[in-house]
Amino acid sequence: MLDIRQILADPGAVQKALQNRRETLSLESVLSGEQELSALRKRWEALREQRNRLAEEIGRKKRNGEDVSARMEESRSVNTEIASLESELRKREEELQTQLLLLPNIPHDSVPVGSDERDNPEVHRRGSPRSFPYEPLPHWEIGARLGILDFDRAAILSGSRFSVLRGMGSRLERALSAYMLDQHTGTGKDRPSGKPYTEVSVPLLVRGEMLEGTGQFPKFREESFAVPEDSLFLIPTAEVPVTNLHRESILDEAELPIKYVSCTPCFRREAGAAGKDTRGLIRQHQFLKVELVWITRPETSYDDHEELTRDAEGILEGLGLPYRRISLCTGDIGFSSAKTYDLEVWMPAQGVYREISSCSNFESFQSRRAEIRYRPRDTKKPRSVHTLNGSGLAVGRTIAAILENFQEQDGSVTIPDVLVPYMGGVRRISPPGS
RNA sequence: GGAGAGGUGGCCGAGUGGUCGAAGGCGUCCGCCUGCUAAGCGGAUGUGGGGCUAAAACCCCACCGAGGGUUCGAAUCCCUCCCUCUCCGCCA
């Protein structure tokens, strides 16, 4: 959520930012709504003051045995006025709040202006794609031939966009999760932030307020799987429970940055994605993801964002997967984000780079919604923290990338060296019977 | 699921209708004292919004789990919901 004072201070700049985002919302009704609200609020406060004074006077006089019936009558009439004002006030407040919750974050100055994904500049490329002496197979073919990936059975269990991993496929998922978690909980000592990530295991079902806190609600409600019977929602990413871990609290500056890593299944309805990426592990209703979350100070958040992104890149480099980093332009950046880098891994069968991680700085957009603040050492007055997160990495897509990049002509797949210990020493997954 | 107890400031905890934004303690900060540290002594210390101001001081409004209600007046009484704890039952 944007700070209403920031909007008031420079509505032109905010409107400009919305335009850059290709967002058609206008600030006019927000501005007029806020103006009316503040007038109503002042009137209401004055009446409350009057009522409080009367109540105090009545109490005092009563103790002295004086007659207070006239004052009580007066107070009653003030109360009816307060009540009518209050209902109006509440209505206006809700209207304004609804509008504010639908306003996206303002992109950082360093974010390139652009219309859509075609305008996302590449920051850098690492690793070189292998050249294949044959037509490389897509990962779903490889997985099926190896007997480790089964979409047909998953469809019977749960419908489309679900998968079953079997044998070494399932083991590969576990190995990747463990490798990533180990890397992140081990990194940091030699970094500017000076500390490794703390691993957390969190609930996969959360209340709606948590999703509002991180920005998924109210705008993207239809993207979430719901359990209406219990008013709970399946998390679309670990970002939601992990960031909200510190909701409604004031942290000590000395605690910052707080760095978490969490491996969870993620659940997405993919409501707007009908017919898109219908094959393979790329777009599933359920997938495993290792998520990095930082809660940090505003002064360092952009340096921290670079560091977080480097941490995610470290996994791709460790696995030997070719990838590139792109910087999302104003027209493509996510609703809650002020700046986002996407990491895209090379997928040989399609001959394209595909998103495997998205690393964002939300500045105080989430922390204002979730009320996560810290007390600066010098000023003592609480300030909103900045929150960051990024995938480190999406495990399902990493499996897909490994199968495609490290496939061999005989149908086998070579396991990256760093994963071998996690695979129980297995260096290669081979087709059954070979 | 059944029975009971309870949710108060950064933390612990007192407070059953007005003088309570809230005793006391811990913590934190400032000062004093003291070879150092600790202890001791004195003072300060909730959050959000508004007014005034150069900035403060100061003043006003709201907040004692959330939302309603009763009342001139609610942390305190009533209702609903959420959560925590104890015991019993069930269970990975």
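Values reported hereafter were calculated over all heavy atoms of this structure, with side chains retained and with hydrogens, waters and symmetry mates removed. Residue numbers begin at 1 in each chain, while the letters A, B, ... track the order of the sequences. Because the structure is a prediction, the values reported are computed rather than measured.
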Euclidean distance for [atom1], [N] against [M] (whole angstrom):
N	M	atom1	result
B/G69	B/G50	P	26 Å
B/C63	B/A75	P	7 Å
B/U71	B/C78	P	16 Å
B/G4	B/C60	P	45 Å
B/G21	B/G48	C1'	13 Å
B/C29	B/A14	P	28 Å
B/G42	B/C59	C1'	29 Å
B/A22	B/U45	P	11 Å

Taking any strand in view, what nucleotide pairs with [N] in a Watson-Crick or G-U wobble way, both distances under 3.5 Å?
N	result
B/G40	B/C32
B/U47	B/A62
B/C87	B/G2
B/U53	none
B/C72	B/G18

Candidate nucleotides [options], ranked by approach to the side chain of [X] - the nearest:
X	options	answer
A/K42	B/G48, B/G51, B/C60	B/G51
A/R63	B/C72, B/G18, B/C60	B/G18
A/W44	B/G48, B/C61, B/C72	B/C61

With a cut-off of less than 4.0 Å, is there a side-chain N or O of [X] near OP1 or OP2 of [N]?
X	N	answer
A/R60	B/G18	no
A/R207	B/C83	yes
A/R48	B/C61	no
A/N52	B/A62	yes

Which is it for A/E291 and A/K289 under the salt bridge (Lys or Arg N to Asp or Glu O under 4.0 Å) test, yes or no, and what are the steps along the way?
-> CA-CA 6 Å; A/E291 183 77 358; A/K289 180 160 60 64; 2.7 Å; yes
Round to a whole Å and report the spacing from [atom1] of [X] to [atom2] of [N].
X	N	atom1	atom2	result
A/E255	B/U28	CD	P	14 Å
A/E371	B/G65	CD	P	16 Å
A/I250	B/C11	CD1	C1'	13 Å
A/I58	B/A74	CD1	C1'	15 Å
A/I82	B/A74	CD1	P	10 Å
A/R71	B/G18	CZ	C1'	17 Å
A/D230	B/C81	CG	C1'	15 Å
A/R43	B/C61	CZ	C1'	14 Å

5′-ward residue of the pair A/R76/A/R375 relative to RNA chain B |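 Counting from the 5' end, the first nearest nucleotide belongs to A/R375.
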Which sits closer to the 5' end of RNA chain B, A/E34 or A/R373, going by the nucleotide each is nearest to?
-> A/R373
Do A/R373 and A/S384 get their side chains close enough for a donor-acceptor pair, meaning under 3.5 Å?
->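 The criterion, which ignores hydrogens and geometry beyond distance, is not satisfied for A/S384 and A/R373.
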Evaluate the criterion salt bridge (Lys or Arg N to Asp or Glu O under 4.0 Å) for residue pair A/E23 and A/K219; output intermediate values, then yes/no.
-> CA-CA 13 Å; A/E23 174 62 69; A/K219 192 165 181 190; 3.7 Å; yes
In chain order, what residues pass the side chain to side chain donor-acceptor pair (under 3.5 Å) check against A/N105, with sequence neighbours excluded?
->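 If we apply the side chain to side chain donor-acceptor pair (under 3.5 Å) test to A/N105, skipping adjacent residues, there are no hits.
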Sugar-phosphate, base or nothing in reach of [X], heavy atoms under 4.0 Å:
X	value
A/L54	nothing
A/N79	sugar-phosphate
A/K381	sugar-phosphate

Starting from the C-alpha separation in whole Å, work towards a yes-or-no answer on side chain to side chain donor-acceptor pair (under 3.5 Å) for A/N389 and A/Y260.
-> CA-CA 9 Å; A/N389 68 54; A/Y260 289 120; over 6 Å; no
Is a salt bridge present between A/R90 and A/E93, judged by a nitrogen-to-oxygen distance below 4.0 Å?
->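 Salt bridge: no.
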Take A/E49 and A/R53 through the salt bridge (Lys or Arg N to Asp or Glu O under 4.0 Å) test and state the conclusion after the steps.
-> CA-CA 6 Å; A/E49 182 179 355; A/R53 289 198 199 286; 2.4 Å; yes
